[in-house]
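These notes are about the structure you will find just below.
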Amino acid sequence: MALFDRIDNFLEGLVDRFRRDNEDIRREARETEVAYELANAGDTVDVGETLKAVSVDFQPKFNAANHHCEKFELVEVNKPSLVIRRGGSFSLIATFNKEPDLKKKHLCKLFFSFGPKPNPTKGTQAVLQVSGKKMFDKSYEQWDVRVVSQEGAKVTLEVQVPTDALVGLWRSAVQVKHRDTETGHLLRLDTDIYILFNAWNKHDTVYMEEEDKRQEYVLNDIGKVWVGTYPSAYGRHWVFGQFDDVVLPACILMMERSGLIDEARGDPIRVSRALSKIVNSNDDNGVVIGKWNGEYDAGTSPSAWTGSIKILEEYIHKGRSVRYGQCWVFAGVLNTVCRALGLPSRVVTNLNSAHDTNVSFTIDEYFNKEGDELTYTYGGTNPSGLDDSIWNFHVWNDVWMSRPDLPPGYGGWQAVDATPQEKSEGIFQCGPASHEALRLGQTSYNYDVAFVLAEVNADIVRWKEDESAVDGFKKLYSNKTHVGRQMLTKKVGVLEDSGLRHSDREDCTEDYKAKEGTREERVTLHTAVRGSRNARHAFRFPSEAIEDVEFSLEDVERVPLGDDFSVTLKAVNVSEAVRTVTVVLTASSMYYTGAKAQDIARAEGKFALKVKESKTLSLPVTYKQYYHKLVEHAMIKLVAHCTVDETSYAWVDDDRFEVLKPAIKVEVLSGGVVGMAMLTRFSFTNPLPISLTNSSLVIDGPSITKPKTIPISDVRPKEEMVYELKLYPKKPADCTLVATFSSTELLNLSGSTNVSIAPAGN
């Protein structure tokens with residue numbers, strides 16, 4: 001029976017699994033693994049008075065410290081695991097029933113096996129002969145073993161792990177026998193051995209040279225995800241928690257369900273691609289179910305998650321996909337899994353992210369003869385690209401690796417996206433797409449370079465119905481700068497406790513493309529265009545617009561919840577004749593994907609502009625008009641649609657902003673000491689004229705607490721919500737305590753504070 005089937009069967013009966021202690025959890029998890037198989041199936045167990053291996057101590061804490069793995073909770077439990085990185089070595093102490101003579105009299109073999117059918121030719125099994133040698137003499141690409149010391153019946157060995165060893169869960173056994181006999185004693189060991197990628201080893205395909213970057217992109221267990229609209233996006237804390245004891249077992253389950261063959265699990269290219277598939281649930285029993293319509297009664301609102309640990313716990317606990325996630329949730333979980341497995345990774349936010357459905361490198365907007373925008377009709381006859389969209393923000397991951405499958409120079413950061421948008425090779429997966437390929441427009445290089453390039457650098461093209469045009473539409477106008485306005489990620493080594501301060505924010509836009517508007521940026525896009533018929537169609541038509549009236553829509557950057565605002569348009573006639581202008585101004589609430597939720601306000605009018613004359617028009621919007629129509633993220637879209645009668649020029653622009661909600665104030669009222677009560681307070685003021693109902697507070701923080709969900713009583717209009725809680729820190733650390741608040745009426749409040757936890761006794 002395949003491993004994932006056994007895990008599925010096992011998980012069905014574990015409703016109360018996480019009520020048990022760690023030792024019970026680990027014991028049951030081992031029972032789900034496929035039985036260990038030796039390559040030498042003929043070996044037997046001799047029950048006579050021959051030499052026997054009694055036990056093996058893998059020294060998990062000592063070895064973990066030497067492999068930058070000491071933070072993993074699995075090395076601290078009662079029955080600890082060995083967690084190490086490939087390309088290094090680890091020591092073990094083998095105890096026998098009597099003193100062995102490994103040089104002359106006895107033979108000792110170590111077996112290390114991966115997966116249900118270990119095979120040395122596929123790299124899924126290593127058979128090491130302990131010869132008594134004191135030094136390694138094999139290359140870094142091979143397994144090796146040497147004797148460090150021997151004290152009577154105890155022998156200390158050191159094992160060299162190849163730099164290309166498979167990443168995941170390994171099993172082991174020790175066999176000893178007399179050199180003159182055929183049979184011997186075999187001891188199968190029950191210690192879980194996790195071998196991870198190694199960013200510290202220059203021969204590993206994920207090697208990263210700078211130590212500060214390794215600390216950030218492999219070892220940092222909390223970070224930020226930037227959400228919102230350009231240019232006022234803010235940072236939201238996310239607890240990756242890759243060292244929690246649930247994460248590595250969850251990684252193994254995910255890899256099994258991904259279907260990736262065992263012998264491919266040492267390749268960061270194929271591993272990261274498989275992870276982008278299994279983090280979403282669209283094609284298999286992946287981790288998170290995506291939902292974007294605001295209806296989350298059957299699960300958890302995407303905005304309510306504070307990090308990945310609770311999601312992965314639920315995934316293992318219930319044995320099925322977790323409800324619900326959106327792009328930042330998919331990216332947060334993927335970042336956790338990548339860092340746990342040793343893949344250097346970071347979370348990246350693209351502001352004004354294009355979703356190009358037809359590989360045209362354009363986001364196409366269509367208008368009829370009267371100037372009204374056309375919408376996608378399911379089952380009808382639609383122009384190509386009519387269901388394109390622009391997300392206010394979209395979040396994915398960068399994963400660091402070499403790319404031996406591509407020409408030299410294409411290694412480094414690779415974009416990997418677990419949010420299910422478009423299928424790649426028939427599956428909802430995306431990446432790894434090389435940054436260098438994106439910068440050069442090399443869309444023929446694996447994987448999904450064309451889709452990611454469109455996300456960050458597509459043009460917006462507006463078309464108007466015209467029976468005389470080639471495809472029934474003439475090209476009116478192209479916006480070459482709106483898409484991919486800014487790519488943001490967390491800066492190395494810095495973490496602000498506020499989402500509105502930006503010293504911890506790194507602009508990585510030029511990692512993806514040349515500076516907007518430069519010749520290099522245009523050449524890159526045109527290079528990509530040559531490889532797509534749909535793209536050539538859009539780019540070969542020049543704009544037919546006569547642009548002698550200049551329009552500008554005033555940006556609205558920050559509107560606190562409760563304030564009024566205005567949609568303001570300015571029109572300037574730069575021609576030498578009178579121009580007649582028709583204007584439609586609208587405001588609507590929207591989802592962050594760009595989909596409209598509800599109309600809020602609308603105004604329209606027609607006026608004449610004299611030569612060189614300018615006019616400003618405004619549409620005021622009051623708090624009472626918009627607050628009950630907001631959906632999660634509280635985003636509003638302002639649209640100005642203008643036409644000039646004399647030239648048939650049609651101009652459309654939009655502005656998007658997020659109404660500012662109050663932040664949760666997180667306070668630590670007493671000093672943080674391991675094992676001692678630490679009093680904390682969480683508070684904010686309800687800005688609405690109505691009560692907040694069905695409310696809950698979620699708190700999370702590595703080294704302090706696992707995620708906790710706390711029901712909160714109704715919060716009356718303009719009332720301050722205050723909740724105090726005693727927490728008991730688990731280990732000394734400089735860490736962050738994160739909180740989110742959600743109710744029926746007000747979603748997605750968050751806050752955090754940095755905390756220093758001192759050792760017990762200080």
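In this chain, numbering begins with 1 at the start of the sequence shown.
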Is there side-chain contact between [X] and [Y], with heavy atoms separated by less than 4.5 Å?
X: Tyr447; Y: Ile269; result: yes
X: Ile222; Y: Trp238; result: no
X: Val130; Y: Leu110; result: yes
X: Val399; Y: Trp413; result: no
X: Leu74; Y: Asp192; result: no
X: Met255; Y: Leu275; result: yes
X: Glu314; Y: Lys318; result: yes
X: Val155; Y: Val147; result: yes

Look at the side chain of [X] and the backbone N and O of [Y], then say whether any donor-acceptor pair between them is shorter than 3.5 Å.
X: Ser402; Y: Pro404; answer: no
X: Asn63; Y: Gln59; answer: yes
X: Asn397; Y: Ala331; answer: yes
X: Arg86; Y: Leu166; answer: no
X: Asp221; Y: Gln242; answer: no
X: Ser55; Y: Thr95; answer: no
X: Gln215; Y: Asn220; answer: no
X: Glu141; Y: Thr163; answer: no
X: His67; Y: Ser89; answer: yes
X: Thr336; Y: Phe240; answer: yes

Would you call [X] and [Y] a salt bridge, taking side-chain N to carboxylate O under 4.0 Å as the test?
X: Asp190; Y: Lys79; value: yes
X: Asp700; Y: Lys706; value: no
X: Asp283; Y: Lys277; value: no
X: Asp405; Y: Arg270; value: no
X: Glu256; Y: Arg265; value: yes
X: Lys213; Y: Glu216; value: no

If the condition is side chain to side chain donor-acceptor pair (under 3.5 Å), which residues does Thr736 pass it with, not counting sequence neighbours?
Asn754
Could you walk me through whether His435 and Asp398 pass side-chain hydrogen bond (donor to acceptor under 3.5 Å, both in side chains), step by step?
CA-CA 9 Å; His435 278 201; Asp398 281 342; 3.0 Å; yes
More than 12 heavy atoms from other groups under 6.0 Å of [atom1] on [X]:
X: Lys134; atom1: NZ; value: yes
X: Lys105; atom1: NZ; value: no
X: Glu151; atom1: CD; value: no

Flag this pair as yes if the NZ/CZ of Arg171 is under 6.0 angstrom from the six-membered ring centre of Phe114 and inside a 45 degree cone about the axis; otherwise no.
no
Does NZ or CZ of Arg403 fall inside the cone over Tyr410's six-membered ring, less than 6.0 Å from its centre and within 45° of the axis?
no
What is the distance from atom [atom1] of [X] to atom [atom2] of [Y], rounded to the nearest 0.5 Å?
X: Asn198; Y: Asp164; atom1: CG; atom2: CG; value: 12.5 Å
X: Ser81; Y: Ile193; atom1: OG; atom2: CD1; value: 9.5 Å
X: His237; Y: Lys224; atom1: NE2; atom2: NZ; value: 4.5 Å
X: Ser272; Y: Gln429; atom1: OG; atom2: CD; value: 10.0 Å
X: Thr50; Y: Phe96; atom1: OG1; atom2: CZ; value: 12.0 Å
X: Leu82; Y: Lys61; atom1: CG; atom2: NZ; value: 14.0 Å

With a 3.5 Å cut-off and no angle check, do the side chains of [X] and [Y] form a donor-acceptor pair?
X: Ser149; Y: Lys154; result: no
X: Trp396; Y: Ser276; result: no
X: Thr124; Y: Asn119; result: no

May I ask you to decide if the ring planes of His106 and His178 are parallel, tilted or perpendicular, using 30° and 60° as cut-offs?
perpendicular
Taking the six-membered ring for Trp, are Trp200 and His68 parallel (under 30°), tilted (30 to 60°) or perpendicular (over 60°)?
parallel
Here's a test for you: under side chain to side chain contact (heavy atoms under 4.5 Å, CB included), which of Lys730, Met678, Lys731 qualifies with Ile704?
Met678
Verify the ring-centre separation between Trp170 and Phe111: is it less than 6.0 angstrom?
no
Check whether the ring centres of Trp400 and Tyr217 lie less than 6.0 Å apart, and answer yes or no.
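No, they do not, as the ring centres are separated by 6.0 Å or more.
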For Arg179 and Asp101: C-alpha separation, side-chain torsions, deciding distance, then whether salt bridge (charged side-chain N to carboxylate O under 4.0 Å, His left out) applies.
CA-CA 10 Å; Arg179 290 179 180 266; Asp101 183 355; over 6 Å; no
Can you see which heavy atom on Tyr315 is nearest to which on Gly286, and at what distance?
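That closest heavy-atom pairing would be CE1-O, 3.4 Å.
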Apply side-chain hydrogen bond (donor to acceptor under 3.5 Å, both in side chains) to Gln125 and Ser113, showing your working.
CA-CA 4 Å; Gln125 187 173 62; Ser113 297; 2.8 Å; yes
